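Note that the structure is a prediction, hence the values are computed from the model and not measured. Note that these values count all heavy atoms, side chains included, but never hydrogens, waters or copies made by symmetry. Atoms within each ligand, like the ligands themselves, are counted from 1 in listed order.
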Amino acid sequence: MFKINENFLKMPKSYLFADIARRVNEFQAAHPERSIIRLGIGDVTKPLAPEVIKSLHNAVDEMGVAETFQGYGPDGGYDFLRNLIAEHDYHSRGVDIAADEIFVSDGAKSDCGNIGDIFGTDNVVAVCDPVYPVYVDTNAMAGRAGTYSNDKWDNIVYMPCTLENGFSPELPKEHADLIYLCYPNNPTGASITYEGLKKWVDFAIEQGSVILYDSAYEAFITEDIPHSIFEIEGAKSCAIEFRSFSKTAGFTGTRCGYTVVPKELKCGEVSLNSLWLRRQSTKFNGTPYIVQRAAAAVYTPEGQRQIKGTIAYYLNNAKLIREGLISAGFENVFGGINAPYIWLKTPNKLTSWEFFDKLLNEVGVVGTPGSGFGPSGEHYFRLTAFGSTENTKEAIARIIRNA
Ligand SMILES: *Cc1c(COP(=O)(O)O)cnc(C)c1O
């Protein structure tokens, strides 16, 4: 009899979004007259920028003509896109990243999950708590997490991010080989300073660890903080960075991202850049040509103007939520300045789910219980800025009236 990967059997069922949907459906069935506003969505809602659409159309036409038709693309992505990424996302910030250190992909989720292929199964993994579940679950599938009990995996180092530490975790006391960091953060909306990130880079170099740095929300940064971990001295010898066009330019359904693996990053004599190239060229046959052309349009002056307009729209929603909650008397409201997420401490020591039910029942607003992102998310709650401004305003007005 064949055998399955038994690591899958150790994994808890993922109930979070199913539970939310069930409670919302039950509420709506019981109160058909009540309108419900969803401020829990982690997906963008505005359409692709006109420049992106134009580029997509052109690329589709190219595919229909023998002279310009494209088959399998080069490993790691087309030079036209890798060069644009190197120039606009790195060289413009004084960071020397070469085009062949950039691997274009179908998104950051795949890359964050697949990167584990190039690391041994006996590495110790450290994650922030609360956390984007992909980092934990993919390591569990690979057999790196140990056993799950009491909401935790026994081989994973959890680094609590709470009100007490300003949602920036302490350096782990235990040794960790692979350290996942995400800034600006989902779900807490927290960001990190140059000094704060330098501390992690120094720690990784000293410990011989790799930082897996997810900067999917880099485009939402409004303050003077690092956009890339490679802005920090020494990071090229200890970090891999994941980026995505999903939140930057509305590509959640179009699919394009990239991963930067510097050639300086080595385990002894072995370059991780060459391992990742080997992994990608074996298991991945590239992001569609038309999608890479669409992503390239993001870097044109007009494309930049358009995507920045959309990001400003979401950030304005974030400001409305943040300021609205404060004026409604919420004392602990975080995020929403360099990220599309607002993270709040529930009032009166309510659990995340108690607060979810209260908000749904009293004002018809849906958010995401913080406990769904890890044990330290309990007593917290996430609201997102990806809705329409009209709905966001209405939701906040209801919360203020109900306060
Ligand atoms: C949305 C998101 C991503 C992007 O994922 P894609 O697969 O590129 O759509 C990556 N990391 C985090 C933390 C996210 O929230």
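For Arg23 and Trp353, the positive end sits near the middle of the six-membered ring, less than 6.0 Å away and at most 45° from its axis.
For the 3.5 Å distance criterion, the side chains of Thr252 and Asp43 qualify, holding a donor opposite an acceptor.
Annotation: Tyr314 is in aromatic contact with Phe386 [ring centroid separation under 6.0 Å].
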For residues 53-60, tabulate all N or O donor-acceptor pairs below 3.5 Å that involve a side-chain atom, not counting sequence neighbours.
unit_1	atom_1	unit_2	atom_2	d
Lys54	NZ	Glu51	OE2	2.9
Ser55	OG	Arg293	O	2.8

Side chains of residues 364-377: which donor-acceptor pairs under 3.5 Å do they make with residues two or more places apart or in other chains?
unit_1	atom_1	unit_2	atom_2	d
Thr368	OG1	Gly40	O	3.3
Ser376	OG	Asp129	OD2	2.6

Under 3.5 Å, which donor-acceptor pairs link side chains of residues 394-403 to any protein atom two or more places apart or in another chain?
unit_1	atom_1	unit_2	atom_2	d
Glu394	OE2	Arg398	NE	2.8
Arg398	NH1	Ser35	O	3.0
Arg398	NH1	Val363	O	2.8
Arg398	NH2	Ser35	OG	2.3
Asn402	ND2	Glu362	OE1	2.8

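Pocket lining of ligand 1, defined as residues with a non-hydrogen atom under 4.0 Å away: Gly107, Ala108, Lys109, Tyr132, Tyr135, Cys182, Asn186, Asp214, Ala216, Tyr217, Ser244, Ser246, Lys247, Arg255.
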